[in-house]
Every structure is written in C-alpha cells, then in structure tokens.
Amino acid sequence: MSYFKKVRVRIAPSPTGDPHVGTAYVALFNYVFAKKHGGDFLLRIEDTDQVRAKSSSEAMIMKSLRWLGVEWDEGPDKNSSCGPFRQSERTAIYREHTEMLLKSKSAYHCFCTAERLDGVRAKQRVAGVTTAYDRHCRDLSAGEVAGFLGKSIPYVVRLKMPTTGMTSFVDEIRGVVEIENSRMDDQVLLKSDGYPTYHLANVVDDHLMEISHVIRAEEWINSTPKHVALYEAFGWERPKFAHLPLLRNADKSKISKRKNPVALTYYQRAGILPEALLNFLGNMGWNYGNDVEFFTVEEMMAKFEFKDIHLGGPVFDTVKLTWMNQHYMHKMSEASFVDYVRNEIFSTEYLKALKPFVLERMSRFEQFVGNNMFFFNGALDYSDVEIIPKGKTDVEIMDMLTGLVEKLDDLYEWEHERLKAVIEAYKDEIAWKPKDVFMTLRMVATGRKDSPPLFESLELIGREMTRFRFRDCAQKLASGTGFKKPAV
RNA sequence: GUCCCCAUCGUCUAGUGGCCCAGGACACCACCCUUUCACGGUGGCUACACGAGUUCGAAUCUCGUUGGGGACGCCA
C-alpha cells in the first residue's frame, strides 16, 4: 500500500428536485480539494429513494454543475471500473454486502411494521428521550427469522450497533467528534423494497470507489458514527471526514426553498454568472486571505486548506452575490457579452417555446421587447397595476400568494395542465372568485393585465422565477412598498 | 426533549496571547465626479454574546452560562 493514498472525493446528490445551491457549494469545495491534490472528483447519483427520485432531476443536476464548470472525472455519463455511478444500478452490490453483514452477525432482520415503529417513537418523544428503534427484533433466533422469512413477511435489515463504549472520528475541520454508542440507533441498512438506505449505499460505494475524503455538509455529522460503525463491521479502512458548515437563510436556519431561491436554475435564469456564483460560494466559510474577495477557482485551489474553514454557518446573502456578479459582468469582453445575451437570455430554445404565444399577439416586431419583458426579467414592478382586487386586502393577497407558493412546491412537474389543476384546486380551497385569483396571479407573474394565457405563461416563466415573483410580491405587500395602493 | 456542532459589525469575513480602544467587503448615509442613471472616489455608521478563571498582557487559552443551528425516518 502506498504511503500517500490518491485523493478521490465525490458529491452524491439525490435527484429529487431542482439542483440545489448547497450541492454546488459542497461540489466546489470537493472539486477544489481534489484538484489541488491532483486527485479525482466523482459524481454519484443517490437515487435509492424510489418514491422521490426522478430522472429529469439527474439531467438537471449535471447540466447545472457543468454550467458552473465543476466537471467530474467519473460519473453516470463517464463510467470507470468503479461504476456504475447511479445507485439504483448497484442494488446487487448492496444486497451482497448486506449478506456479508448478516453472516458476520453485524446486522439483523427486522420485521417490525411502520405502525409499531411510529408507536415506539411517539412514546419516546413523550418521555423526552432521543427517538430510536427499541431493538425489538435484534435478538430473534435463527429459527424465528427463518419462520418469518418463510412466510414472506416484509423485513428490513438493521445494523447491530455496539451498545457500550464510544465511537469517535476525526473531522478534518473541527477535530475529534465523539458520541456514546448507547445513544446510537440500529440504523436500517436495507429497506423492505430491497433498496439500500443512504447509510449503507454511501459507505459501500465510498469504499468501492476508493474515496479518500468524504467532504459533505454538517447535517451529516450526527450520522457519521453510524458510518464509522459500518466501516468497522466490514473491516474496512475509513476515509477522512470533513463537514462543511451549512448555508443559511437570513434567519440563520438551514437554507431552504421556502425562504430563499435555492435552485441553481434560478440563479442562472436570474443572470448570475457561474464564475460569480462560484467566487461567492468560495467566500462562504472560507476566504482567500489578505482581504481579497475576488478569486478564481484555480486561485482557490492554490490556497485551500481545511483548517482555514470558519464554522459559523454563513448566511447566503443574495444582495452581496449580486454585487459580486456585477463586478464580473463589468469585466466581460464584448464577445462574451454578445454571447451571453444570445445564448442565455434570447436563447434559441426559449424563443422557440415563446413563439406560439407571443407572435399572434403582435402586429409589428417593435412590440416584442415591450410586450414580453416579463419573460426575461427578474423581479417585477407593480406600481402600475392593481394587484389588489376590489374587496380584498393586501394581507389577503399576501397570504394567498404565500399559500400558493407552498402548494407549488410539491408540484412534480412544472407544466401548464398541472399548474392549472393545482391553482384551480387552491382557488376552490380558499373559496375565492376565479377572477380574484387568476387576474391577481397574472399581474403578479407578468406585471401586466394583458398577457398570453396564464398557465402557459407560468410554465414559460419557469418554476423558480414564478415562485420568486410570488414571494417577492408578498414581501412588497408586507413592506407596503413597490405596488400600487388601491384608491380609497 | 435528548445528543452533536457553532459563536467578531445587520450580512460575508480578517484576526491562532501583545502590532486590535479590532482590519476589509456588502448594505446603509453623506459628499465628490457627472447633462441623467449607473460605475468610480472620499468619509461616516456599526461588532469581539455574557461571567469566571489562566497570564505581566486575551477577540485569541480553559470552564460555565446564554444564544443560534443541526440530527434524532424503511429521506438523502
């Protein structure tokens, strides 16, 4: 074994929605660390959640990371001897490893139902203790297990955690982290649908893919001891761990789509340059030193050290991001400016999608820009439209918008038929007149009373920008500025 | 609630025992530049959470308190 192990790191996003700015943050630090040490950066898709994973999301994640210029050495579309890189294609591997643990008695079958588990947790919550599995099936005899298996009773496989002693690991950023084994849960490793949980798949894959450093977000700190226990159960050498601070909302809570735009597609749509976003992210919890704020990814590589990471969770401040973006914009060459406007704003793809809706509403092309600004803009100005219908108050509109943003969060696919269904259902739920809902939404989304059909327009404006405008308008209503007050 | 992590201007941060009655940047305010707006320039505002130690000396080390966050899923 060579003294210096090759640096291999990975990001392991789960394809459950729009590519997240947190993924980009973790990707950047992984990428920089890998390249600094001449190592490899891998992309692994963790799609073991069969109910939430969707294939369109994987493509968007890859597209967004490429937009940022964070390119992986191995991944779903760049196979290697370590592949495949989609966990759903590795289920045989996880089964085999589960068998190994079962054989060595490091894991056991559990036949408890979800209902029983809920009951146990509820009791523990009332008692004020950490909720955990009560180990009901931990000591089932081989005969009992065989009996249940014979009757095809659904089961999961759980890790048999040691009940005494201490598990500790070294976090490259914060030092030793310790936790008493007695506090740790017998984690589910293999779900009843045959898919592995994150914990199993992650450890198995990191080992098989020869990952040297696991660089991930702080939210994983508490489950790291479980992972350590797994490495021990397998008899594998564990990688080094480094937990990055969590990006935060303005109120310091973990960054969330409810309080912040988090989709990379939103920032792209909002005209943030990839190099600006990367530079900004590089200033989250880390800095170049000497009061230097602007630096390239290459420059970051030269100076990056785990020890320089500052652990206070940084607030993701889009105002400062915008300032930084402006700096990059002003430095653009003529060629890249033309290129950007043509390819990012008036892209062929977008214009084609717009054509059926905008062309028939024009008689001269001079109207194009003026009539259709809202398809290209970010935040809108509401000082010329009456977004508050007669009989409604600003607070009611605010609540209506906020409520709708919540509903729209769960919308699986951003498509006009589905939008129509959701919004109409919402209208019925709050029992508002159609006009009060639809006209208001039209004005909030487009900034005008006349526009192409509402749902088609929303589809074209896009999920992130639509949600942003609804939220932005609600905020304007809350602050009492930026909209036309109804005549009294 | 239990455990884990964290703690410098409103925000991003510099600071690893004396160079700090704390530096830079965003935001904000004022002024300058300017036919407008923006850019740019100058200045201003504003922070070491608190309390005990250790030390000749603490933002920096220790302990406690408080505050914030995260985790407690057959989600990742």
Side-chain angles (χ1 to χ4, degrees), chain A residues 12-17 20 22-23 44-53 87 110-114 117-118 120-121 124-133 154-158 167-169 171 173-180 182-185 187-202 216-226 243-255 279-294 307-327 329-331:
Chain A
S14 109
T16 51
H20 200 277
T23 303
R44 185 171 71 219
I45 301 294
E46 309 228 327
D47 56 348
T48 56
D49 184 342
Q50 284 301 287
V51 311
R52 293 200 308 163
Q87 289 186 330
C110 167
F111 300 91
C112 293
T113 61
L117 262 20
D118 286 343
V120 170
R121 271 194 288 268
Q124 288 167 332
R125 247 187 291 271
V126 171
V129 295
T130 304
T131 56
Y133 178 52
Y155 67 92
V156 300
V157 175
R158 287 180 183 272
T167 296
S168 70
F169 66 94
D171 182 289
I173 306 171
R174 63 204 86 208
V176 177
V177 178
E178 293 183 310
I179 187 160
E180 284 178 48
S182 60
R183 317 202 149 276
M184 291 206 290
D185 205 357
Q187 187 60 50
V188 170
L189 265 17
L190 197 71
K191 303 184 246 186
S192 56
D193 64 3
Y195 279 84
T197 57
Y198 169 87
H199 305 282
L200 203 229
N202 195 261
R216 75 231 299 190
E218 191 179 1
E219 55 190 329
W220 294 108
I221 260 195
N222 286 288
S223 41
T224 304
K226 291 173 188 170
H243 293 91
L244 262 19
L246 246 18
L247 260 22
R248 312 288 184 94
N249 296 312
D251 65 3
K252 299 273 188 186
S253 57
K254 170 166 108 171
I255 196 166
N279 191 159
F280 180 72
L281 254 13
N283 277 307
M284 300 271 92
W286 188 82
N287 72 91
Y288 191 78
N290 300 116
D291 293 331
V292 172
E293 292 197 278
F294 291 103
K307 70 169 177 55
D308 295 326
I309 290 180
H310 170 79
L311 292 167
V315 172
F316 190 87
D317 178 7
T318 52
V319 174
K320 190 154 184 178
L321 203 212
T322 298
W323 163 78
M324 191 158 251
N325 192 58
Q326 163 187 279
H327 170 90
M329 283 176 75
H330 292 354
K331 284 200 319 190

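Throughout, a chain's letter reflects where its sequence line sits, starting with A, and its residues are numbered from 1.
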Item to check | Listed nucleotide nearest any side-chain atom of A:Glu219, set B:C75, B:C5, B:G70 | outcome: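 My answer, after comparing the listed nucleotides, is B:G70.
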Checklist entry - Choosing from B:C75, B:C5, B:C12, which nucleotide comes nearest the side chain of A:Glu218? => result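 The closest nucleotide is B:C5.
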Pick base, sugar-phosphate or nothing for [X], based on heavy-atom distances below 4.0 Å to the nucleic acid.
X: A:Arg248; result: sugar-phosphate
X: A:Val188; result: sugar-phosphate
X: A:Ser253; result: sugar-phosphate
X: A:Arg183; result: sugar-phosphate
X: A:Thr48; result: sugar-phosphate
X: A:Glu178; result: sugar-phosphate

Checklist entry - Is the shortest side-chain N to carboxylate O distance from A:Asp49 to A:Arg52 below 4.0 Å? => result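 Looking at A:Asp49 and A:Arg52, the cut-off is met.
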Checklist entry - Has A:Asp118 got more than 12 heavy atoms of other residues, nucleotides or ligands less than 6.0 Å from its CG? => result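 Yes.
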Checklist entry - Quick one: the side chain of A:Lys320 and the base of B:A25, do they pair up donor-acceptor inside 3.5 Å? => result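 Flag set: donor-acceptor pair detected.
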Next on the checklist: Tell me whether the side-chain N/O atoms of A:Thr131 come closer than 4.0 Å to OP1 or OP2 in B:G73.
Outcome noted: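 Affirmative; the distance criterion is met.
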